[in-house]
Amino acid sequence: MPQADLKYSSDLSFDAKALLGRIEALILRHDAGSGACKGRADPADVFHQSHVLLRVALLRKPHRDAAFRADLVAALVALLDEHIPDGTERAVEFVFSSDDYATGRSGA
């Protein structure tokens, strides 16, 4: 299950919830077996410069090679640029979850 963390300065105005839904759909288009994406948006009231940071983490799988990662990052950048105000500083980071990452549902 992917994880998308959207961090941004609170002076920016955009629909973070809608963007998280679009991020999930984009990941599924690139990797149909990835599953639902846990997404969270964290506006920061204390910041030095206006900005947006999107960090997406997936489990390491053989098909998620360099080409997959490059394509996904490019698509995430384009999607982010569609939703945030023009001229906003932004960064996109793709990472693999660590080997010690455990996921699942509580009580299961």
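The analysis underlying the following values was restricted to heavy atoms, covering all of them including side chains, and did not include hydrogens, waters or symmetry mates.
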Nearest atoms (heavy-atom pairs only) where [X] meets [Y]:
X: Leu6; Y: Ala16; value: CD2-CB, 4.1 Å
X: Tyr101; Y: Lys38; value: OH-NZ, 2.8 Å
X: Cys37; Y: Ile27; value: SG-CD1, 4.0 Å
X: Gly39; Y: Leu20; value: C-CD1, 3.9 Å
X: Ser34; Y: Pro2; value: O-CD, 3.2 Å

Checklist entry - For Val77 and Leu54, what are the C-alpha separation, side-chain angles and deciding distance, and is it a side-chain contact (heavy atoms from CB on, under 4.5 Å)? => result CA-CA 9 Å; Val77 166; Leu54 172 61; over 6 Å; no
Item to check | Pairs flagged by salt bridge (charged side-chain N to carboxylate O under 4.0 Å, His left out) wherever residues 49-77 is involved - sequence neighbours left out | outcome: Asp31-Arg64, Arg55-Glu93
Under 4.5 Å between any side-chain heavy atoms of [X] and [Y], yes or no?
X: Val56; Y: Val92; answer: no
X: Thr88; Y: Leu80; answer: no
X: Leu76; Y: Leu26; answer: yes
X: Val52; Y: Phe14; answer: yes

Next on the checklist: Do Leu59 and Leu28 sit in one hydrophobic cluster, given that two such residues count as connected whenever their side-chain heavy atoms are within less than 4.5 Å of each other, even indirectly?
Outcome noted: no
Next on the checklist: Let me check something: do Leu53 and Leu58 share a hydrophobic cluster, defined by ILVMFWY side-chain heavy atoms less than 4.5 Å apart, either directly or through other members?
Outcome noted: no
Checklist outcome for this item: Cluster membership besides Phe47, Ile/Leu/Val/Met/Phe/Trp/Tyr side chains within less than 4.5 angstrom, sorted by chain and number, is none
Checklist entry - Can you tell me if NE2 on His48 sees more than 12 non-hydrogen neighbours from other groups inside 6.0 Å? => result no
Pairing residues for [X] by the side chain to side chain donor-acceptor pair (under 3.5 Å) criterion, not counting sequence neighbours:
X: Asp11; answer: Ser9, Ser50
X: Asp5; answer: Gln3, Arg40
X: His83; answer: Arg22

Checklist entry - With sequence neighbours left out, what residues match Phe96 under ring pair (Phe, Tyr, Trp, His ring centres under 6.0 Å)? => result Phe94
